[in-house]
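Okay, structure first, notes after.
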Amino acid sequence: MKIQESIHQQIPENADYLIILGARVKGSAPSLSLQYRIDKAAGYLTANKQTVVIVSGGKRTGEDIIPFMSKPSFFATSTAR
């Protein structure tokens, strides 16, 4: 399945895990793509509080922090692991 095709799939409720793929961080601020992923995850987690969040990504050249540190308030209040 191509990524573009999965955009229109129904998102299941009460998933055991939600994986947020890392994306570029500009200095210490999330890129637009990472911010979009965080926003979508926040919306999902509001309705599915038991879902555990897994965040991927590491610090690259030109980035001051790793992706999950770009929004500490989101990750501190979620079930991020």
Side-chain angles (χ1 to χ4, degrees):
M1 175 182 291
K2 295 181 181 179
I3 292 174
Q4 302 93 306
E5 295 170 358
S6 66
I7 293 171
H8 304 291
Q9 284 187 328
Q10 181 69 20
I11 299 172
E13 293 182 16
N14 302 314
D16 293 330
Y17 299 96
L18 171 69
I19 300 172
I20 302 175
L21 300 177
R24 190 138 193 88
V25 175
K26 297 177 181 178
S28 60
S31 63
L32 290 177
S33 60
L34 181 56
Q35 184 63 57
Y36 177 75
R37 293 171 190 178
I38 292 169
D39 292 345
K40 291 298 279 187
Y44 183 85
L45 293 171
T46 298
N48 300 278
K49 296 185 187 303
Q50 81 294 342
T51 299
V52 175
V53 179
I54 300 169
V55 183
S56 72
K59 186 175 172 293
R60 297 184 288 190
T61 303
E63 297 178 338
D64 297 335
I65 57 174
I66 56 178
F68 85 88
M69 294 177 67
S70 65
K71 286 292 192 175
S73 61
F74 166 74
F75 295 109
T77 59
S78 71
T79 52
R81 304 271 191 268

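Being a predicted model, the structure only gives us computed values, none of them experimental. All residue numbers refer to positions in the sequence shown, counting from 1.
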Exercise. Between the side chain of T51 and the main-chain N/O of L45, is any donor-acceptor distance below 3.5 Å?
Worked result: no
Problem set entry | Partner of I19 under side-chain contact (heavy atoms from CB on, under 4.5 Å), chosen from V55, I54, V53 | I54
Exercise. Considering only heavy atoms from C-beta outward, does the side chain of Y44 approach that of K40 to under 4.5 Å?
Worked result: no
Exercise. Distance from D16 atom CG to N14 atom CG, nearest 0.5 Å?
Worked result: 9.0 Å
Exercise. In terms of hydrophobic clusters joined by side-chain contacts under 4.5 Å, are I11 and Y36 together?
Worked result: no
